[in-house]
There are 2 protein chains.
Amino acid sequence: MTTASATPPAPERLLAAAGELFYESGIAATGVDAVLARAGVSPATMYAHFAGKDALVAAYLERRHETWRRTWDDVLAERDDPVDRLLSLFDAVARYRSRAGNRRGCAFLAAGTELPADHPGQRWLEADTRLLVDRLRDLAADAGLADPEDAAATLLLLYDGAMNRFARAATTPSLPVGDPLGRARDLAAEWVGTHGRTG
Amino acid sequence: MTTASATPPAPERLLAAAGELFYESGIAATGVDAVLARAGVSPATMYAHFAGKDALVAAYLERRHETWRRTWDDVLAERDDPVDRLLSLFDAVARYRSRAGNRRGCAFLAAGTELPADHPGQRWLEADTRLLVDRLRDLAADAGLADPEDAAATLLLLYDGAMNRFARAATTPSLPVGDPLGRARDLAAEWVGTHGRTG
DNA sequence: GTCTATACGCGGATAGAC
DNA sequence: GTCTATCCGCGTATAGAC
């Protein structure tokens, strides 16, 4: 039997530290040293588990992708109505963000501005966009919308808009943030009501 | 009389080079060396005109802010109808992006993920958000909308959504980009029509 | 104002012991 | 698996001449 309060193994501590620092301070601005210090791990140990910083970054993005997908899965499992399922995107983001360490905007969009085109983490940025577009298209089709592709594009736009509003909040704290997710959801619901079955 | 094809002075060449590299490759990922090489300027000359990389970054953001504001001003000067003026945001972005070197997403949102909170360039990120929110609020009021603040928040969300769609295009080239600005403009026009004078 | 040459620190990565 | 100690390069910045 394992003790609940035991210190997690080094790779886990590294990913936890990387998750906080990369997200809060940016990937390029965060040195490997800072991750090691927060994780309480020595350089050699890290390089025994990860090929280098790039691999650590990719693992960080993979973990975020999995967590996010699982969160959306969970919310979807609670919804029956087809339109509710389509709009569940916004509820899932709200739940995802309710966890600690998600106050800033979208980690994938942020990474997209930081990583070069050939970075191993790019794979997860593409996976993020693909998950959103493909799933929204399918859910829109299930809801009987005339043009699922078009619906997916519209909801993605609203989703991205809400994400960016959170990013702006970090640089312009004087401006009240309001409720971008609620706003985006309302706009989406309205759009679905108007354009739903007409095309 | 000055010759038209004369080489611009060093500070101008530096800003031009910085503008391309910072925008295309990211601020943190772009070394001063790369800017110097592209500008054809020696390190000492650069440091004679800019206190350091941070100052160069701030100047880069200031220039982008001024160019963008001027572009929007120009478009506004061509519009009379109050609703056209409110929606001119999307036309202005389209014009701004039509110039070379603006294929990626919003430089200010990108910078927000890269710069630390105390960076001198933060001033221009805040200025960007302020310009958008304040101007949209005023234009919404001019258009007689019941809740200008609310209208500004909605249009900002749509604007940010379109910007992010361009950012995603860089990481997921397989997905057709479509016309995010046109989509955002249509959604905005529809919203204004529906929520216009009712609140 | 602009150059060449150089100093200096930091961040990424490795060697070798335990 | 994990540590301490160290290497190395690159990116920022400066010195000093023209």
Side-chain angles (χ1 to χ4, degrees), chain A residues 2-3 5-61 110-111 113-116 118-122, chain B residues 2-3 5-61 110-111 113-116 118-122:
Chain A
T2 50
T3 306
S5 61
T7 305
E12 174 56 37
R13 299 208 307 278
L14 284 166
L15 281 173
E20 297 168 18
L21 292 172
F22 287 157
Y23 184 71
E24 293 296 333
S25 312
I27 293 170
T30 300
V32 172
D33 286 9
V35 177
L36 295 172
R38 177 175 290 223
V41 170
S42 71
T45 300
M46 191 206 101
Y47 285 99
H49 293 277
F50 300 93
K53 181 180 179 178
D54 285 354
L56 186 62
V57 169
Y60 150 72
L61 292 169
T113 74
E114 296 209 72
L115 304 188
D118 61 347
H119 192 283
Q122 288 284 355
Chain B
T2 50
T3 308
S5 61
T7 305
E12 175 56 36
R13 299 208 308 279
L14 284 166
L15 281 173
E20 296 167 20
L21 292 171
F22 287 156
Y23 184 71
E24 293 297 332
S25 312
I27 294 171
T30 300
V32 172
D33 286 9
V35 177
L36 294 172
R38 179 174 289 224
V41 170
S42 71
T45 300
M46 191 206 100
Y47 285 99
H49 292 279
F50 299 94
K53 182 181 178 177
D54 285 354
L56 186 62
V57 169
Y60 149 72
L61 292 170
T113 74
E114 296 209 75
L115 304 188
D118 61 346
H119 192 285
Q122 287 284 354

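Each chain gets a letter, A, B and so on, in the order its sequence line appears, and its residues count up from 1.
- Side chain of Lys53(A) to main chain of Ile27(A): a donor-acceptor pair is present (N/O by atom type, distance under 3.5 Å, no hydrogens or angles).
- Within a heavy-atom distance below 4.0 Å of DNA chain C, the residues of residues 44-57 of chain A found are Ala44(A), Tyr47(A), Gly52(A), Lys53(A).
- Between the side chain of Thr113(B) and the backbone N or O of Ala110(B) there is at least one donor-acceptor pair closer than 3.5 Å.
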Exercise for review: Check the pair Phe22(B) / Leu61(B) against side chain to side chain contact (heavy atoms under 4.5 Å, CB included), numbers first and verdict last.
Suggested key: CA-CA 10 Å; Phe22(B) 287 156; Leu61(B) 292 170; over 6 Å; no
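- In this structure, Thr30(B) contributes its side chain and Leu21(B) its backbone to a donor-acceptor pair below 3.5 Å.
- Taking atom CG of Asp33(A) as the reference point, atom P of dG12(C) lies 7 Å away to the nearest angstrom.
- Comparing atom distances between the Pro43(B) side chain and each of dT2(D), dG12(C), dA13(D) picks out dA13(D) as nearest.
- Within the 4.5 Å cutoff, the side chain of Leu15(B) has heavy atoms near those of the Phe50(B) side chain.
- Between Leu36(A) atom CG and dA5(D) atom C1' the separation is 14 Å, expressed in whole Å.
- Arg13(B) has its CZ atom 12 Å from the C1' atom of dC3(C), to the nearest Å.
- Under a 3.5 Å cut-off, the side chain of Arg13(A) and the backbone N or O of Gly40(A) do form a donor-acceptor pair.
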